[in-house]
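For reference, the structure is listed below as structure tokens.
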Amino acid sequence: MRHTITLLPGDGIGPEVTNATVRLVEATGVSVKWDTQLAGMAAVEAGKGTLPDETLESIRRHRIALKGPITTPVGKGFRSVNVGLRKSLDLYASVRPVKTMPGVHTRHDNVDLVVFRENTEGLYAGREHEVVPGVVEALKIITRHASARLAKYAFEYARWTGRRRITVCHKAGIMKLSDGLFLDACHVVAKDYPYIRMDDMTIDRVAMELVLDPTRFDVLVMENLYGDILSDLCAGLVGGLGVVPGANIGEHGAVFEAVHGSAPDIAGKNKANPTALMLSAAMMLRHIGERVAARRMEVAIERVLSAGQVRTGDLGGKASTTEYTDAVIAALPAAEEVHA
Ligand code: NAI
């Protein structure tokens, strides 16, 4: 089957890491027609603002996008592309799998957890105002609808991936109404999944336990601000932003992207590590049913990183983006060698 996927190369190192990732996807033999669209600085330079309508229409039409990092221009009048994409496409669930990569040495081994972050509300609804000079009020919006659909997605994900424990992270003892509603919505959804254990923990304790022993956790579910902070903490547990994939999922579309930015300091130098976007593309292939190709890509990356001879500068190596990509493509296992 041929898939049509919107491709947003993005800014800075974006075109380098998307080019590397497209090469790897194509090397698996999966048939993809890429519909390349503009966003970010490239779109601004073409006089179309940061997020052109045709880019959104392409994602709505194909329902799947692979996105490179995008620079948000500093200054008034520029809307963040990431926020714009999430709002326009109602991408309500941010999914970040956090897994120890062989050969990437960190404080803890065998980390394997997934962070689900509510993407549309909480304090990020952006409702702030100055009550009187010197006093500012920010509204934290929590709805049962948004909390329950995130919880449902996390439980479904756990069901399909064989995960058996979901920890809801909150501060319901202090924010009794808002976090209380989030927690209650999760409890209600959990009743439909008696074979998955749900527990809950305050967000501050989760932060401490993650640093002490992240292997205790399986799936973490939380509202927007907590998720923003903890998902980067979790990325740090397994080697940083260069190796962690991500997805933003909605009912009518999904955007897969690395969590790092456009890295202007190394842009155009063929130095960027494309691993995070390659792993995001593996998530994307799994999402569209190409499980074998997804697993082959992950195994190839694991092989190259554990051999340790070809790695990019951020992981202590000297390889260029191109050399690393060549090595990953050369390490692709045959379909019969993997369990998808
Ligand atoms: P950044 O993630 O671009 O860079 C932080 C540091 O990590 C830099 O030293 C960079 O060289 C390094 N780095 C990042 N990704 C790397 C990779 N794949 N390989 C090797 N080294 C890598 O974060 P920063 O500097 O805060 O943001 C730069 C721009 O990116 C800003 O305009 C920001 O708005 C944008 N950004 C976009 C995101 C997105 O599109 N999802 C996410 C985060 C930032």
Side-chain angles (χ1 to χ4, degrees), residues 10-14 17 67-72 80-83 85-86 91-101 104-126 140 150 153-154 157 166-171 179 182 201-249 255-266 272-280 282-283 312 314-315:
D11 301 314
I13 59 170
V17 292
K67 170 184 165 294
I70 285 172
T71 302
T72 300
S80 155
V81 173
N82 297 314
V83 174
L85 273 175
R86 274 176 221 158
L91 304 173
Y92 64 87
S94 155
V95 185
R96 193 177 294 184
V98 179
K99 196 164 185 264
T100 300
M101 297 300 294
V104 179
H105 297 296
T106 52
R107 189 178 295 264
H108 305 282
D109 295 324
N110 305 319
V111 180
D112 183 10
L113 57 89
V114 188
V115 179
F116 287 84
R117 162 188 172 194
E118 204 290 320
N119 241 350
T120 63
E121 55 181 27
L123 278 166
Y124 286 35
K140 172 162 166 164
L150 174 76
Y153 191 77
Y157 182 99
I166 290 186
T167 305
V168 179
C169 313
H170 63 88
K171 203 71 191 167
D179 282 19
F182 184 84
M201 204 179 273
T202 60
I203 189 73
D204 39 335
R205 184 167 154 215
V206 173
M208 183 190 71
E209 303 249 356
L210 277 169
V211 172
L212 289 174
D213 182 7
T215 64
R216 290 176 198 169
F217 294 106
D218 192 356
V219 175
L220 299 172
V221 175
M222 63 202 82
E223 60 86 85
N224 209 338
L225 173 65
Y226 305 153
D228 195 6
I229 298 168
L230 272 207
S231 51
D232 272 17
L233 183 151
C234 288
L237 293 172
V238 294
L241 299 178
V243 293
V244 178
N248 289 300
I249 308 281
V255 176
F256 295 81
E257 63 175 329
V259 296
H260 59 73
S262 54
D265 51 333
I266 55 167
N273 183 356
T275 304
L277 194 66
M278 288 173 168
L279 291 172
S280 307
M283 283 176 84
T312 45
D314 56 311
L315 296 181

Just by distance, do the side chain of Thr100 and the backbone of Val238 share a donor-acceptor pair under 3.5 Å? no
Any [X] side-chain heavy atom under 4.5 Å of [Y] side chain:
| X | Y | result |
| --- | --- | --- |
| Leu315 | Val243 | yes |
| Ile203 | Ile229 | no |
| Val111 | Lys99 | no |
| Thr106 | Leu237 | no |

Can you name the residues that form a ring pair (Phe, Tyr, Trp, His ring centres under 6.0 Å) with Tyr226, not counting sequence neighbours? none
Residues in ring pair (Phe, Tyr, Trp, His ring centres under 6.0 Å) with Tyr157, at least two apart?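 Ring pair (Phe, Tyr, Trp, His ring centres under 6.0 Å) list for Tyr157, sorted by chain: Phe116.
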Shortest non-hydrogen separation from [X] to [Y] and the atoms involved:
| X | Y | answer |
| --- | --- | --- |
| Gly227 | Arg117 | C-CD, 3.6 Å |
| Met283 | Pro245 | SD-CB, 3.9 Å |
| Thr312 | Ala272 | CG2-O, 3.7 Å |
| Met222 | Cys169 | CE-SG, 3.7 Å |
| Gly122 | Glu223 | CA-OE1, 4.1 Å |
| Val221 | Ala154 | CG2-CB, 3.6 Å |

Among residues at least two apart in sequence or on other chains, which ones pass side-chain hydrogen bond (donor to acceptor under 3.5 Å, both in side chains) with [X]?
| X | value |
| --- | --- |
| His260 | none |
| Ser94 | none |
| Asn119 | Asn248 |
| Tyr124 | Asp228 |

For [X], side chain to side chain contact (heavy atoms under 4.5 Å, CB included) partners two or more places apart:
| X | value |
| --- | --- |
| Val259 | Arg96, Leu241, Val244 |
| Asn82 | Lys67, Ser80, Arg86, Glu257 |
| Ser262 | Asp11, Pro69, Thr71, Pro264 |
| Thr167 | Arg165, Asp199, Met201, Phe217, Leu220 |

How many angstroms lie between [atom1] in [X] and [atom2] in [Y], if you round to the nearest 0.5 Å?
| X | Y | atom1 | atom2 | answer |
| --- | --- | --- | --- | --- |
| Leu113 | Leu230 | CG | CG | 10.0 Å |
| Leu123 | Leu225 | CG | CG | 6.0 Å |
| Arg205 | Lys171 | CZ | NZ | 11.5 Å |
| Arg107 | Leu212 | CZ | CG | 10.0 Å |

Would you please name every residue forming a salt bridge (charged side-chain N to carboxylate O under 4.0 Å, His left out) with Asp218, sequence neighbours left out?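 Residues passing salt bridge (charged side-chain N to carboxylate O under 4.0 Å, His left out) with Asp218: Arg163.
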Just to verify, what does Asp179 make a salt bridge (charged side-chain N to carboxylate O under 4.0 Å, His left out) with, not counting sequence neighbours?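 Testing Asp179 for salt bridge (charged side-chain N to carboxylate O under 4.0 Å, His left out), a comparison that skips the adjacent residues, returns Lys140.
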